[in-house]
Amino acid sequence: MSEEFDLSSFGISMVVRQMEMSDIPEILAMQEACFPGMDPWETEHLESHMTVFPEGQFVAELDGQIIGSCSSLIVNFAEYDDRHTWDDISDNGYITNHNPEGYNLYGIEVMVHPEFRRMKVGERLYEARKELAREMNLKSIIIGGRIPNYHKHSDEMSPREYVNSVAKHRIYDPVLTFQLMNDFTLMRINPNYLPDDKASKRYATLMEWNNIDYKALSKRHYKTSYPVRICVVQYLMRKISCFDELASQVEYFVNIAADANSDFVVFPEIFTTQLMSFLDERSASQSVRKISEYTEEYIELFNSLSVRYNVNIIGGSHFVEEENEEIYNISYLFRRDGSIDKQYKIHITPNEKKYWGISAGDSVRVFDTDCGKIAIQVCYDIEFPELARIATEKGANIIFTPFCTEDRQGYLRVRYCAQARAVENQIYTVISGTVGNLPQAVNMDIQYAQSAIFAPSDFEFARDGIVGEANANLETVLIGDVDLEVLKRQRQDGTVKQLKDRRRDIYKVEYFQKNVEQ
């Protein structure tokens, strides 16, 4: 009897998986082989894809070698003109216009290495996209397809005639024929879609695959607005005798926010230094360490209130001592579903270093909420425009800035910079500050604030770009609505388009994330 035949040496591995950062060099090399003469991706394009929408980026791998890839983003296609270009729909290849609340998956690139064509690699990549559309309950997949054989027939037929001939199988086109065979239907023909696509004479076919499993579940279906209500607390610093008094004041404001059906309530920076008024510690550095001993009570308080009152809470900020015995100024996000996140203050003021020895955080974070993506930038951080740009590129629509300033000059630095960030990045910004006096606390004697909500400056937004502002130096709340749907429309069709019109060819902001745990 012969020995059993060993098949292990004959096996090959073909997989389609999500793209990883380490794949980028291979993808760039493959693109040069796939599209000679066309402008290739740059490394930063693919890095942006992976940062903004990693779920939409796929590669096909054969025995460890990448032989195909595709890139996608989500859009609400109704917001785009039918005659859009590739640059319009992809934000010049960076996909920072990706809209997680959109209805359509838009494919901006599919490529298969020339040495591995006719192995159904493209079909596998398209199936991965279709499965993603089903999983995410998207209405359809839309693509702007090249017609690379059109240059051979452009002298005797129009683009429409060429497309009709391909549809009737009279002419073979490697891209259009493939798309039609994969159940995509023609929507229209777009001129000047890809300026460097000479083979297609710059034309592209706008194609769509409809997800027959789509179910209209969004509460925003057929709506033209997406309002988010924000309650900003302008908090009075006063002497208290125990933590329970602080808790009582906090619950009072959360209750007000909930009664107004607010989606967010925002507290100021380091308002928990109010605890210093009964801790009887005259050493500045030791007083913050004593405050940090209340971290568990602080977190338990805000987490229970967010769930009980069904409101997302930006819990101001609090001094926290971590395992390395360093003290950080941390702002916590308490979601109404009970989950918690945190943002470390990145830029520490000279006073924070001098009196309290506060350490700096290293990570710019953007948080998912039931009202879209938001960021938190604590006080001084809003005065550094790079941080807001990074947060916006990560998808933030609102930046919350808890602050604490002792004089009008310091307050105006925060205010003017928050307004500038709103204009520069076409986002909403929110500032929440402390007022009153706390003579019992070292380095916390007086406070100055006029809390506010700011919008971009354009016709559809509030006059002067101010959604609302509190009276200066009074304990109060400010409640205002911001509309995320208006924000999306203005980013596409506003009087100016700061996000779309950036000169990425001459400058960029590069982000080095040191600590992913933060």
Side-chain angles (χ1 to χ4, degrees), residues 229-240 246 249-250 252-257 259-260 262 264-274 276-277 313-318 329 331 345 347 349-352 376-384 388 398-423 427-457 461-482:
R229 181 159 296 174
I230 299 170
C231 177
V232 185
V233 178
Q234 190 159 281
Y235 190 94
L236 179 67
M237 302 292 274
R238 56 169 77 81
K239 181 176 175 58
I240 57 176
L246 181 143
Q249 290 174 222
V250 167
Y252 168 75
F253 287 116
V254 173
N255 187 23
I256 289 174
D259 283 346
S262 300
F264 291 95
V265 56
V266 193
F267 286 85
E269 180 189 24
I270 56 172
F271 78 100
T272 56
T273 52
Q274 192 177 25
M276 289 181 181
S277 63
I313 303 176
I314 310 296
S317 75
H318 179 68
N329 188 350
S331 182
K345 188 173 184 178
H347 296 91
T349 63
N351 266 2
E352 285 178 290
I376 304 172
Q377 296 185 355
V378 181
C379 197
Y380 198 23
D381 285 343
I382 200 67
E383 299 177 27
F384 296 83
I398 308 171
I399 296 178
F400 294 97
T401 297
F403 74 93
C404 174
T405 52
E406 63 183 23
D407 53 45
R408 181 172 171 80
Q409 288 84 355
Y411 159 71
L412 288 177
R413 287 194 295 269
V414 172
R415 180 192 179 102
Y416 291 156
C417 289
Q419 288 187 274
R421 303 299 87 85
V423 171
I427 55 172
Y428 296 107
T429 56
V430 181
I431 60 173
S432 171
T434 52
V435 299
N437 305 301
L438 203 63
Q440 300 87 356
V442 181
N443 197 39
M444 286 295 295
D445 300 337
I446 58 174
Q447 317 288 305
Y448 188 102
Q450 186 177 16
S451 303
I453 304 171
F454 303 119
S457 184
F461 299 106
R463 183 174 181 264
D464 301 327
I466 302 172
V467 176
E469 57 188 342
N471 292 324
N473 289 336
L474 295 176
E475 183 170 55
T476 186
V477 299
L478 163 68
I479 298 175
D481 286 353
V482 299

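Distance check, rounded to the nearest 0.5 Å: CE of M237 to CE of M276 gives 8.5 Å. Atom CG in N329 sits 13.5 Å away from atom NE2 in H347 (nearest 0.5 Å). Atoms CD and CG, from Q450 and N471 in turn, are 7.0 Å apart once rounded to the nearest 0.5 Å. Expressed to the nearest 0.5 Å, how far OG1 of T429 lies from CZ of R421 amounts to 9.0 Å. Annotation: the span from I314 atom CD1 to S331 atom OG amounts to 6.0 Å, rounded to 0.5 Å. Here C379 contributes atom SG and K345 contributes atom NZ; the two are 4.5 Å apart, rounded to the nearest 0.5 Å.
Using a 30° and 60° split on the angle between ring planes, F403 and Y411 fall in the tilted class, from 30° to 60°.
T434 places no side-chain N or O within 3.5 Å of a backbone atom of C404 that could act as its donor or acceptor partner. With R229 contributing its side chain and A260 its backbone, the two residues share a donor-acceptor pair below 3.5 Å. Formation of a donor-acceptor pair under 3.5 Å by the T405 side chain with backbone atoms of Y448 is found in this model. Panel note: side chain Q419, backbone G465; no donor-acceptor pair is recorded below 3.5 Å.
Side chains of Y380 and E352: a donor-acceptor N/O pair is absent below 3.5 angstrom, by distance only.
For the pair T401/V378, no side-chain contact is recorded, criterion being any heavy-atom separation below 4.5 Å from C-beta on. Proximity of I399 to I376: side-chain heavy atoms (C-beta onward) are nowhere separated by under 4.5 Å. Using a 4.5 Å heavy-atom cutoff, the side chains of I230 and F400 are in contact. Side-chain contact between I313 and F264: absent, with no pair of heavy atoms (C-beta onward) separated by less than 4.5 Å.
Nearest heavy atom pair, residue P456 against residue I427, reads CD-O, 3.3 Å. Taking both residues in full, the closest heavy atoms of P402 and P268 are given as CB-C, 3.6 Å, listed atom of the first, atom of the second, then distance. Taking all atoms of both residues into account, the shortest heavy-atom contact from Q234 to A470 is OE1-CB, 3.7 Å. Closest approach of L478 to S451, counting heavy atoms only: CD2-O, 3.9 Å. A pairwise comparison of heavy atoms in C231 and V477 identifies SG-CB, 4.0 Å as the closest pair. The shortest heavy-atom contact between A449 and V435 is CB-CG1, 3.7 Å.
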Side chain to side chain contact (heavy atoms under 4.5 Å, CB included) between N437 and Q447, intermediate numbers included: CA-CA 6 Å; N437 305 301; Q447 317 288 305; 6.0 Å; no
Residue pair R238, E475: steps toward the side chain to side chain contact (heavy atoms under 4.5 Å, CB included) verdict: CA-CA 11 Å; R238 56 169 77 81; E475 183 170 55; 2.6 Å; yes
Residues V232, I453; criterion side chain to side chain contact (heavy atoms under 4.5 Å, CB included); working and verdict: CA-CA 8 Å; V232 185; I453 304 171; 3.8 Å; yes
Residue pair V233, Y252: steps toward the side chain to side chain contact (heavy atoms under 4.5 Å, CB included) verdict: CA-CA 11 Å; V233 178; Y252 168 75; over 6 Å; no
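No close placement of the F454 and Y428 rings is indicated, their centers lying 6.0 Å or farther apart.
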